[in-house]
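A short write-up of the structure that comes next.
Note: hydrogens, waters and symmetry copies are ignored here, and every other heavy atom, side chains too, is used. Letters A, B, ... mirror the listed sequences (proteins, then strands); counts begin at 1. Quantities reported herein were computed from a predicted structural model and do not represent experimental measurements.
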Amino acid sequence: MRRPRRSWFPCGMPTAFNLAADLDTALQSAAHAAGLADAAAFAPEVRPADPKHGDYQANGVLGYAKARKLNPRGVAEQLIAALPASVTADYEATIAGPGFINFTLKPAALVAWLRAHDSAEHLAAGAAAAHAGQTWVVDYSSPNTAKQMHVGHLRSAVIGEAICRLLAFTGATVIRDNHLGDWGTQFGKLIYAYKRWADPAALEADAIAELERLYKLGNDATPDGSPELEEAKRELVKLQTGDPENLALWQKFSEVSLAAFQTIYDRLGITFDHNLGESFYNDKLDRVYAELTATTPPIAEVSEGALVVFHPEHPRFKTQPFLIRKADGASNYGSTDLATALYRTEHFKADGIVVVTDFRQGDHFEQLFLTVKKWFAAKGYRLPELHHVTFGAVTGEDGKALKTRDGGTIKLKALLDEAEERAYAIVSEKNAELPEAERRAIAQVVGIGAVQYADLSQNRSSNYVFSWEKMLALDGNTAPYLLYAVTRVHSIFRKLGITPGDAATESAASPLETPAEFALARKLVKFPNALDTALTTLRPHFLCIYLYELAGEFSSFYNAEKVAVDDPAVRARRLQLCARTLLTLETGLHLLGLRTLTRM
RNA sequence: GCGGUGGUAGCUCAGCUGGAUAGAGCAGCGGUUUUCUAAACCGCCGGUCGGGUGUUCGAGUCACCUCCACCGCGCCA
């Protein structure tokens, strides 16, 4: 347990977590205090500033003044004069350019923030305001059963897990739901093949690979119009009507699939709370059809025998139908996704639902969400926030979909294995004196982390070019660079035999002096802004950018200032900066789903 | 045809929802180590932000037009 918060802050007040948000509030009240016309409409727009201008800048004065034909600099002067004492005690505020207000943290306030946010618990407590009391369901990964996970499943899993951790850190109760593709026509063919050609030895050795082989056999053996296809369809009908043998087979397929998936998830640090696949919603579809057709006017209509939803107010979806039941009466993913949205709302009491799939499903989810909104409004159901988090394709260096050399699909297991092997070769080259077992352990963290980080560090909406060389590079915005920064900090504490954040060191720290110390400290207090941006946009790369810049500031600091100096007060303050850097880097990397190291 | 996402330095990418002189890494060139991990740090070089018009104090960011790439658009998910 940590000791209770000290009460000797220079300013006496509890230090806010997100200083920019705090300044924003202060400027709003200053607008009222200064008697600005229409003060309620004034949006300060405080954000982190370029360090050469200060720590934060308020851009909102310009727009506000312009709309009212006022002199922006004059308004800025009024605002600064009306700032509460708590702000003027902590910041230098200046007017710059056409009417920006720049805020520079005074050294004492800077240090007060660093002292207050001295543990992961304190950071989390500060961050928890964003989603406290809310429940969020995150639907990600979602592979098809009876098939191995391949490279196409990577981004959803990695991005989805990072979003889960970010939401949880900011106070939400997060429900991780793996919406498996475990139902559909493919199971008729698979059962057909399984009953004829299943190889018990292969099933024992690698069940999911054998199922994949059988599906291919079944697919090839059942061409359109053939009697074999009719037989496969009969197997499917038997499954759907509850035939015990087929149901048992299907159940077995799901079980071995989940077991195989879990070996991948373990390596990526993912644990699902639920695996509610499409099959789970089979008995919940009739209610969807009934409710969508019983409204006046009906939300869904029959067209060409199928049940569809049109959205007349939408330029495209007024003619492009959202298909929610096929003409033969069978369900499709429109049906199950509607039932899923309802279940998550009613059963999990979701305040927000996030679905992480590739961008090609954009139309589907736009239609789905439009339909859900109308449906829930008609029935008086509470509507959660609905987010479709999309991402681009993973491509090879040629810009085309990533394939093996012979054109096959790259299995996720093979990809992670290769990442670890490559990392092992690098660690062995750089640090040959470490014992092999440790090099293996390091290679796991670095290799898997490199794959995760490469995926997360790029804006998710663009395609991402897969490159072993780039993701495993020690320069640039990569996992190895960040992990290395972490180990350098650990190394300092290890050499000195000191625990990061220990009370004796913390209290012995003298005021910051050098440019490198200030630059690092000023970067540290911006962590909340990075969190905030990553969360409000559901784009983890904003956190990556911040961590990369922080690691860069640390490396510069490390290079410019020796930490283990003789002067105990100087040493203590630099150790304090090291401890906070470590805390922030490790907290941030863990939020992204990466593990960290003390040596590499 | 309609729509989505991209197009920023030779290459790979940022650019925080309209702010200050557009930033990183790689590649290229030049420096830094009797000092806590040099897997690092510092400097130089490199840009008509695909093109055009517009909106305004201000546009890589917004609107319209246009070119290119990838993708989606009735019974796969």
Side-chain angles (χ1 to χ4, degrees), chain A residues 45 47-50 52-53 57 59 62-63 65-66 72 96-100 102 142 144 179 181 184-186 278 303-308 315-317 319-328 330 332-334 336-337 357-364 366 390 392-393 395 397 399-401 426-427 429-431 446 457-459 461-465 467 469-470 472-478 480-481 483-485 487-496 529-530 532-534 536-537 539 541-542 544-546 548-549 552 555-565 574 578 599-600:
Chain A
E45 290 179 37
R47 64 184 60 168
D50 187 310
K52 70 191 168 199
H53 295 129
Q57 62 183 64
N59 296 339
L62 287 158
K66 184 192 135 203
F100 302 109
N102 291 333
S142 308
N144 292 326
H179 193 70
T185 51
Q186 72 269 28
E278 289 164 343
S303 167
E304 298 175 28
L307 192 60
V308 302
R316 207 151 26 97
F317 302 145
T319 53
Q320 181 179 322
F322 180 51
L323 193 71
I324 66 170
R325 190 180 59 202
K326 299 196 273 190
D328 63 5
N332 70 344
Y333 73 130
T336 51
D337 281 355
T357 79
D358 74 81
F359 66 103
R360 289 175 299 188
Q361 298 187 40
D363 273 5
H364 169 73
E366 200 180 339
T390 64
T395 73
E397 314 245 4
K400 294 183 177 158
I426 296 172
V427 176
E429 181 201 331
K430 301 283 185 188
N431 238 336
V446 173
S457 59
Q458 187 165 325
N459 188 335
S461 46
S462 40
N463 288 355
Y464 127 65
V465 180
S467 160
E469 288 69 31
K470 287 202 171 71
L472 285 165
L474 287 310
D475 318 289
N477 191 7
T478 66
Y481 179 80
L483 293 171
Y484 178 64
T487 60
R488 289 176 109 185
V489 187
H490 274 296
S491 176
I492 293 170
F493 285 105
R494 192 165 52 233
K495 279 272 159 57
L496 294 174
N529 304 99
D532 184 54
T533 310
T536 54
T537 58
R539 291 179 190 272
H541 80 284
F542 284 111
C544 296
I545 291 168
Y546 169 78
Y548 173 55
E549 289 173 352
S555 293
S556 299
F557 161 82
Y558 181 91
N559 205 260
E561 317 289 0
K562 176 136 178 107
V563 175
V565 293
R574 290 181 182 165
C578 287
R599 278 205 294 189
M600 67 183 269

Touch check for Lys495(A), heavy atoms < 4.0 angstrom, all strands: base, sugar-phosphate only, or nothing? sugar-phosphate
NA contact type, Ala49(A), heavy-atom cut-off 4.0 Å: base, sugar-phosphate, or nothing? nothing
If you define the side chain from C-beta out and look only at heavy atoms, does anything of Tyr548(A) sit under 4.5 Å from Tyr481(A)? yes
Just N and O in the side chain of Asn459(A): are any of them under 4.0 Å from OP1 or OP2 of G15(B)? yes
Sort out the partner of A38(B) for me: Watson-Crick or G-U wobble, both distances under 3.5 Å, none otherwise. none
Using a 4.0 Å heavy-atom cut-off, does Phe493(A) contact any base of the nucleic acid, only the sugar-phosphate backbone, or nothing at all? nothing
Which base, if any, makes a Watson-Crick or G-U wobble pair with C45(B), both distances under 3.5 Å? none
Is Arg360(A) salt-bridged to Asp358(A), cutoff N-O under 4.0 Å? yes
Base, sugar-phosphate or nothing for Glu304(A)? Non-hydrogen atoms, less than 4.0 Å. base
Counting just side-chain N and O atoms, does Ser462(A) come under 4.0 Å of either OP1 or OP2 of A14(B)? yes
Counting just side-chain N and O atoms, does His364(A) come under 4.0 Å of either OP1 or OP2 of C73(B)? no
Assigned partner base of A14(B), Watson-Crick or wobble definition, under 3.5 Å: none
Can you find a heavy atom in the side chain of Lys470(A) that is under 4.5 Å from one in the side chain of Val465(A)? no
Considering just the side-chain nitrogens and oxygens of Ser461(A), establish if one lies under 4.0 Å of OP1 or OP2 belonging to G6(B). yes
Going by 5.5 Å between centroids and 30° between planes, is there a stack of His53(A) over A20(B)? yes
Between the side chain of Asn102(A) and the main-chain N/O of Ala96(A), is any donor-acceptor distance below 3.5 Å? no
Distance test, side-chain N/O of Tyr558(A) to OP1/OP2 of U32(B), below 4.0 Å: no
Please determine whether a side-chain nitrogen or oxygen atom of Arg47(A) lies at a distance below 4.0 Å from atom OP1 or OP2 of G19(B). yes
Whole-Å C1' distance, G30(B) and C45(B): 11 Å
Ser556(A) side-chain N/O to C42(B) phosphate OP1/OP2 under 4.0 Å: yes
Separation of Glu366(A) atom CD from G72(B) atom P, in whole Å? 16 Å
Give a yes/no answer on whether the side chain of Lys52(A) brings an N or O atom under 4.0 Å of OP1 or OP2 in U21(B). no
U61(B) pairs with, by Watson-Crick or G-U criteria that keep both distances under 3.5 Å: none
In terms of base orientation, is U17(B) syn or anti, with the syn window spanning 90° either side of 0? syn
Check: Arg539(A)/Asn459(A) side-chain N/O donor and acceptor closer than 3.5 Å: yes
Nucleotide opposite U56(B) in a Watson-Crick or G-U pair, distances under 3.5 Å: none
Do side-chain atoms of Thr390(A) reach the backbone of Phe359(A) as a donor and acceptor pair under 3.5 angstrom? no
May I ask you to say what Leu483(A) touches in the nucleic acid, namely base, sugar-phosphate or nothing, with a heavy-atom cut-off under 4.0 Å? nothing
Phosphate contact (A38(B) OP1 or OP2) by Arg488(A) side-chain N/O below 4.0 Å: yes
Whom does A9(B) pair with, Watson-Crick or G-U wobble, provided both distances fall under 3.5 Å? none
Describe the nucleic acid contact of Asp475(A) in one word from base, sugar-phosphate, nothing, applying a heavy-atom distance below 4.0 Å. sugar-phosphate
Does Phe359(A) stack onto the base of G4(B), taking stacking as ring centres under 5.5 Å apart and planes under 30° apart? no
In the structure shown, which nucleotide is the Watson-Crick or G-U wobble counterpart of C73(B), with both distances under 3.5 Å? G1(B)
NA contact type, Glu397(A), heavy-atom cut-off 4.0 Å: base, sugar-phosphate, or nothing? nothing
May I ask you to say what Val308(A) touches in the nucleic acid, namely base, sugar-phosphate or nothing, with a heavy-atom cut-off under 4.0 Å? base
